[in-house]
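Read the numbers this way: they start at 1 and go in the same order the structure lists the ligands and their atoms.
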Amino acid sequence: MSQIYRAVAIDGPAASGKSTVAKRLAESLGLVMVNSGAMYRAVTWQVLQEGIDPENRAAVLEAMSRMRIDCGVKNNLSTIAINDRLLTIEIRSAGVNEHVSKVASIPEVRESLVAMQRDYLGEYDVVMEGRDIGSVVFPDTPFKLYISASEEVRAARRAKEGESDEVAKRDAQDSNRKASPLKVADGSIVIDSSDLTIDGTVEAAREALIKLGWKD
Ligand code: CDP
Ligand code: CDP
């Protein structure tokens with residue numbers, strides 16, 4: 001019989017604390033942490049690299065059809081490579097921050113990347129963070145968290161990291177798009193991290209998972 005793997009889904013707006021919590025849960029629960037946003041960022045980076053207008057859907061899709069996208073795992077964290085180039089820090093650039101929501105609003109882009117995201121669950125127990133993990137990627141998992149924080153707090157966190165990122169604009173685009181918008185998935189426990197420390201947020205997430213029936 002093939003093994004059944006478990007998925008923890010974490011969604012929420014930019015800089016709410018999703019990656020931080022997902023990494024810590026992955027370490028303590030022995031899961032692979034998958035950063036789905038990195039995949040949308042990687043495609044956007046390659047589009048920009050090729051000088052393609054991210055607003056031009058047909059051109060983006062044509063470029064994507066030529067990309068060799070490899071999703072992997074290293075040290076229990078997801079990795080992403082395009083055309084054999086492993087992408088890390090470059091996908092956090094201001095240009096990618098500015099254009100990623102546009103690229104992520106294209107349904108065909110989402111379809112391809114969602115399929116790759118689901119493939120992880122064929123091989124690993126995962127904690128995956130993004131915008132539509134509980135609503136679209138793994139709608140059947142009972143383990144759904146939604147991490148939020150006020151707009152001011154999130155903007156301040158990004159500024160502290162030294163990133164140029166208009167989080168409010170990106171959130172508005174991510175929440176208002178037609179294809180898989182950011183929303184609280186049915187059955188999610190919502191954690192507001194505005195007034196929580198990092199440890200406090202991780203602890204709240206752990207307690208929420210137990211409430212949802214998680215057993216080690
Ligand atoms: O780290 P941060 O929350 O700022 O963003 P991210 O998770 O790296 O995601 C970057 C962008 O990818 C988001 O603003 C969305 O436009 C898109 N995204 C998405 O549409 N669906 C996902 N599951 C994850 C990210
Ligand atoms: O993945 P996402 O964009 O949702 O957020 P993140 O990258 O995990 O967190 C954004 C920043 O906020 C990081 O620098 C975290 O260390 C920080 N953070 C915080 O100061 N307090 C929290 N309760 C959660 C995150």
Does Ala22 come within less than 4.0 angstrom of ligand 2, counting non-hydrogen atoms of the residue?
no
Below 3.5 angstrom, do we get any N/O pair linking Arg131 and ligand 1?
yes
Does any N or O atom in Gly17 lie less than 3.5 angstrom from one in ligand 2, N or O only?
yes
Under 3.5 Å between any N/O of Ala15 and any N/O of ligand 2: does that happen in this structure?
yes
Ile133 side chain near Ser36 side chain, heavy-atom distance below 4.5 Å
yes
Do any nitrogen or oxygen atoms of Tyr40 come within less than 3.5 Å of a nitrogen or oxygen of ligand 1?
no
Could you tell me whether Glu166 atom CD has more than 12 heavy atoms of other residues or ligands within 6.0 Å of it?
no
Does ligand 2 have a heavy atom under 4.0 Å from the side chain of Lys160, from its backbone, from both, or from neither?
neither
State whether the shortest distance between N or O atoms of Asp132 and N or O atoms of ligand 1 falls below 3.5 angstrom.
yes
Polar-atom distance check: Ser19 versus ligand 1, any N or O pair below 3.5 Å?
no
Is there a heavy atom in Arg177 that sits closer than 4.0 Å to ligand 1?
yes
Nearest to atom 19 (C) of ligand 2, what protein heavy atom do you find, and at what distance?
Arg157 NE, 3.5 Å
Sub-3.5 Å donor-acceptor pair from the side chain of Lys144 to the main-chain atoms of Val184, do we have one?
no
State which residue, out of Val127, Thr201, Ile198, fulfils the side-chain contact (heavy atoms from CB on, under 4.5 Å) condition with Arg24.
Ile198
Within the structure provided, determine whether Lys169 and Gln173 are in side-chain contact (heavy-atom separation under 4.5 Å).
yes
Check Arg154 against ligand 2 and report side chain, backbone, both or neither, counting heavy atoms closer than 4.0 Å.
neither
